[in-house]
Amino acid sequence: MSDIRVRIAPSPTGPLHVGTARTALFNALYARHTGGTFFLRLEDTDVARSTLAFETDILTGLHWLGISWDEGPDTADGADRGPYGPYRQMQRLELYKSAVEDLLARDLAYLCFCTAAELDADRKAQEAARLPPRYVGRCGLLTADERASRSAAAGSAAIRFRVRPGIVAFEDAVRGPVEFDTSNLGGDFVIVRGDGTPLYHFTVVVDDAAMKVSHVIRGEDHLSNTPKHILLFRALGHPVPTFAHLPLILNPDRTKMSKRKSQTAISDYIAEGFIREAIVNYLALLGWSTGTEEEILSFEEIAARFDLDHVQKGGAVFDRERLEWLNGQWIRRLADEDLVTRLLPFLEADHVAGRIDRTPTAEEIRILLPMIRERLPILGAVGDLIGFLWIDRLTVDPATIVPKRWDIATTRDGLHAARAVIAETGAVSFEADELEPPLRALAEARGWKAGDLFMAIRVAVTGRTATPPLFDTLVALGRDRALQRLDAAIDALASASG
RNA sequence: GCCCCCAUCGUCUAGAGGCCUAGGACGCCACCCUUUCAAGGUGGAGAUCAGGGGUUCGAAUCCCCUUGGGGGCACCA
């Protein structure tokens, strides 16, 4: 195992986001490719917004995608694995505390007594003067004595890290050399809240250092935060890891992908019937490419090819159409039993929702696979496709039964004749190959276009104009039910025509 | 406002000075196949490589400027 250590550090303040999943994926791929270690750390210091439900959603979502970590908590309430635990920041408070004390002792950080009102006033003044917002440094100038007395009086104070003048430069693994003047960092920044809980910029550095992270692979939205982190790594006396900032995933209007404008929760995609292979494949190709024309690739195949050199610099619009296409490609590649297992929950959900009257058995679905496999862009489409098979009383609008070129009388006539032909076919030989010839012969004998006759039968028996091949559908339905639905349709047409 | 990043078909991208009159994929259109819908096959439209200057015998590829877009500037992460 190499010394490469990467991580995903989600914050349980929302459901698993497409962007988080992509970042996790890239880290996991990088670790797999280099023989390094990939771990997960929960950044739960925003106690007000963090919840166990979100934690569960994130962990199960990542597991579901097949992204697994070598160290960290596997479940929301489970124990951590790995030598650098705990892997939850709220359980690492002591570590941050001693790191802060160290900084305080060396005057690299200081107590800040500014109130929210003061800070707000500063900010407004800066805004009015058209100056960039920054902390004015008021408390940084306090003498030790002043600080001691204010501290005694105030009771609680935030802690700020001193930002000294200078240039911070680093080599980003995807962007190349990047440079920041520390005077543009917004002044001394808060690392510990007034209530004593540490803030992101601080904990992320303390932990990445303690957990020996070698490569920080994260979204580009953190690029501007990187100099702060580097300053902290240095102040704490730790080596600075390599940074790799991934391009952002975008809304169609090219702004950062957001809940407002896009579907961002992985769980929503799962609920629709996107499968992990497709999501992983799609996400990997969003901002990265093999450099070749290969595009349908499994996690393993991607891991074997993955590198940071082919990571794109510009943001990428999330294209659902392309995801659906890939999903269809992967559905076609699944083994029969696997597809059945994945389809079942969607049919169960349709049953529960009352869209169908019973949940079919695995065996029933397995038999239908050849006729539905290539017609499913997402698993959730299965009910729409063949749900009519498990509906007890199908109600069909008579108007839809009549083919475009036909009138009601012809349709009744056609269905009646077709019924007779189908009825002649015994239960034993009720197969697609047995049904097609006589029905075609019927159409020819009566001078009908076979397509029109078939369409009338199709709608009569399924209630829809787009279905799997008709004869397979009739067989799936069974002779009795097919005849019964034909009768019902004929009746419906009779009353429709008066 | 300040700082930083980015810029090839509508979208995802290939491209690391000549192989590019820019390739692939999604989507779109047409045709073939065909009982509908898909799938599949074939073909097509679609990018003067954001614009302008350089460098070079030669630039999508290197440099500069402009324009455009995005991200960040919290006691959120």
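Just so it is clear: chains get the letters A, B, ... in the order the sequence lines come, proteins before strands, and each one is counted from 1. Worth saying up front: this structure is predicted, and the values here are computed from it rather than measured.
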S.K.: When you measure from the side-chain N and O atoms of A:Thr45 to the phosphate of B:A77, is any distance below 4.0 Å, counting only OP1 and OP2?
M.R.: yes
S.K.: Should we say atom CD of A:Glu444 is surrounded by more than 12 heavy atoms from elsewhere, each under 6.0 Å from it?
M.R.: no
S.K.: For B:A14, take OP1 and OP2 only and decide whether either is under 4.0 Å from a side-chain N or O of A:Ser289.
M.R.: yes
S.K.: Would you please confirm or rule out a distance under 4.0 Å between OP1 or OP2 of B:C73 and any side-chain N or O of A:Arg123?
M.R.: no
S.K.: From B:C12, B:A77, B:U36, pick the nucleotide closest to the side chain of A:Met455?
M.R.: B:U36
S.K.: Could you work out the separation of B:G24 and B:C20 based on their P atoms and round it to a whole Å?
M.R.: 12 Å
S.K.: Which of these nucleotides, B:U11, B:U13, B:A7, is closest to any side-chain atom of A:Lys313?
M.R.: B:A7
S.K.: For the pair made of CG in A:Leu185 and P in B:C2, what is the distance, rounded to whole Å?
M.R.: 17 Å
S.K.: What contact category does A:Pro247 fall into here, base, sugar-phosphate, or nothing, at under 4.0 angstrom with non-hydrogen atoms?
M.R.: nothing
S.K.: Would A:Arg7 and A:Asp207 count as a salt bridge (charged side-chain N to carboxylate O under 4.0 Å, His left out) here? Give the steps.
M.R.: CA-CA 11 Å; A:Arg7 48 54 168 188; A:Asp207 285 340; over 6 Å; no
S.K.: Quick one: label A:Pro468 by what it contacts on the DNA or RNA (base, sugar-phosphate, nothing), any heavy atom closer than 4.0 Å.
M.R.: base
S.K.: Side-chain N or O of A:His310 less than 4.0 angstrom from OP1 or OP2 on B:G15?
M.R.: yes
S.K.: Once you round it to whole Å, what is the distance between P of B:U13 and CZ of A:Arg322?
M.R.: 9 Å
S.K.: Report yes if a donor N or O on one partner sits less than 3.5 Å from an acceptor N or O on the other, where the partners are the side chain of A:Arg458 and the base of B:U35; otherwise report no.
M.R.: yes
S.K.: Counting C-beta onward and ignoring hydrogens, is there a side-chain heavy-atom pair between A:Leu119 and A:Tyr135 closer than 4.5 Å?
M.R.: yes
S.K.: State whether A:Arg218 places a side-chain N or O below 4.0 Å from either non-bridging phosphate oxygen (OP1 or OP2) of B:A77.
M.R.: no
S.K.: What is the nucleic acid contact for A:Gln312, judged by heavy atoms within less than 4.0 Å: base, sugar-phosphate only, or nothing?
M.R.: sugar-phosphate
S.K.: If I pick the P atom on B:A39 and the same atom on B:G27, what distance separates them, to the nearest angstrom?
M.R.: 7 Å
S.K.: Going by atom types only, do A:Arg458 and A:Thr467 share a side-chain donor-acceptor pair under 3.5 Å?
M.R.: yes
S.K.: Answer with yes or no whether A:Ser224 presents, from its side chain, a donor or acceptor under 3.5 Å of a partner atom in the base of B:G71.
M.R.: yes
S.K.: Under 3.5 Å, is there a donor-acceptor pair between the A:His310 and A:Asp307 side chains?
M.R.: yes
S.K.: For atom P, what is the distance between B:A47 and B:G10, given to the nearest Å?
M.R.: 7 Å
S.K.: If I pick the P atom on B:A50 and the same atom on B:C73, what distance separates them, to the nearest angstrom?
M.R.: 30 Å
S.K.: Using a heavy-atom cut-off of under 4.0 Å over every strand shown, decide if A:His222 touches base, sugar-phosphate, or nothing.
M.R.: base
S.K.: Should B:U21 form a Watson-Crick or G-U wobble pair with both distances under 3.5 Å, which nucleotide is its partner?
M.R.: none
S.K.: Output, in order, the C-alpha distance, side-chain angles, deciding distance and verdict of ring pair (Phe, Tyr, Trp, His ring centres under 6.0 Å) for A:His17 and A:Phe54.
M.R.: CA-CA 11 Å; A:His17 188 282; A:Phe54 288 144; over 10 Å; no
S.K.: Does a nitrogen or oxygen in the side chain of A:Arg175 sit under 4.0 Å from OP1 or OP2 of B:A7?
M.R.: no
S.K.: Nearest to the A:Phe471 side chain among B:G1, B:C75, B:U35, which nucleotide is it?
M.R.: B:U35
S.K.: What does B:G27 pair with, Watson-Crick or G-U, if both distances are under 3.5 Å?
M.R.: none
S.K.: Between B:C63 and B:U56, how far is it from one C1' atom to the other, in whole Å?
M.R.: 12 Å
S.K.: What contact category does A:Gly291 fall into here, base, sugar-phosphate, or nothing, at under 4.0 angstrom with non-hydrogen atoms?
M.R.: sugar-phosphate
S.K.: Atom CZ of A:Arg320 to atom P of B:A25: distance rounded to whole Å?
M.R.: 23 Å
S.K.: How many Å lie between CZ on A:Arg49 and P on B:A77, as a whole number?
M.R.: 7 Å
S.K.: Give me the distance, rounded to whole Å, that separates B:G43 from B:G23 when you measure between the P atoms they each carry.
M.R.: 14 Å
S.K.: Would you say the side chains of A:His245 and A:His222 form a donor-acceptor pair under 3.5 Å?
M.R.: no
S.K.: Given that A:Leu131 and A:Glu179 both sit by RNA chain B, which one's nearest nucleotide is further toward the 5' end?
M.R.: A:Leu131
S.K.: For B:C6, does either OP1 or OP2 sit under 4.0 Å from a side-chain N or O belonging to A:Arg254?
M.R.: no
S.K.: Between A:Arg160 and B:C75, is there a side-chain N or O to OP1/OP2 distance below 4.0 Å?
M.R.: yes
S.K.: With a 3.5 Å limit on both atom pairs, tell me what B:U35 is paired to, counting Watson-Crick and G-U wobble, or say none.
M.R.: none
S.K.: Whom does B:A45 pair with, Watson-Crick or G-U wobble, provided both distances fall under 3.5 Å?
M.R.: none
S.K.: Of the nucleotides B:G24, B:A77, B:U13, which has the atom closest to the A:Arg193 side chain?
M.R.: B:A77
S.K.: I want to verify a distance call: between B:U36, B:C75, B:U35, whose nearest atom is closest to the A:Arg440 side chain?
M.R.: B:U35
S.K.: The side chain of A:Asn184 is closest to which nucleotide in this list: B:C3, B:C4, B:A77?
M.R.: B:C3
S.K.: Which residue, A:Trp325 or A:Phe454, contacts RNA chain B at a nucleotide closer to its 5' end, judged by nearest heavy atom?
M.R.: A:Trp325
S.K.: Return yes if the base of B:C37 and the side-chain atoms of A:Arg375 contain a donor-acceptor N/O pair under 3.5 Å, otherwise no.
M.R.: yes
S.K.: Measuring to OP1 and OP2 of B:C37, would you say a side-chain N or O of A:Arg464 lies under 4.0 angstrom away?
M.R.: no
S.K.: Ring of A:Phe189, cation from A:Lys228 - is the NZ or CZ under 6.0 Å from the centre and inside 45° of the axis?
M.R.: yes
S.K.: Describe the nucleic acid contact of A:Gly328 in one word from base, sugar-phosphate, nothing, applying a heavy-atom distance below 4.0 Å.
M.R.: nothing
S.K.: Expressed in angstrom and rounded to an integer, what is the separation of A:Lys124 atom NZ from B:A74 atom P?
M.R.: 14 Å
S.K.: Please state the C1' separation for the pair B:U67 and B:G58 - nearest whole angstrom.
M.R.: 27 Å
S.K.: Classify A:Asn225 by what it touches in the nucleic acid, base, sugar-phosphate, or nothing, heavy-atom distance under 4.0 Å.
M.R.: base
S.K.: It should be established whether A:Lys228 places a side-chain nitrogen or oxygen under 4.0 Å from OP1 or OP2 of nucleotide B:G72.
M.R.: no
S.K.: Give me the one residue out of A:Trp330, A:Phe318, A:Phe274 that meets ring-ring contact (aromatic ring centres under 6.0 Å, His included) with A:Tyr282.
M.R.: A:Phe318
S.K.: Picking from B:A77, B:C3, B:C37, which would you name as closest to the side chain of A:Phe180?
M.R.: B:C3
S.K.: Answer yes or no: does a side-chain N or O of A:Gln329 lie under 4.0 Å from OP1 or OP2 of B:C26?
M.R.: no
S.K.: What interatomic distance, in whole Å, is found between C1' of B:U8 and the corresponding atom of B:C12?
M.R.: 12 Å
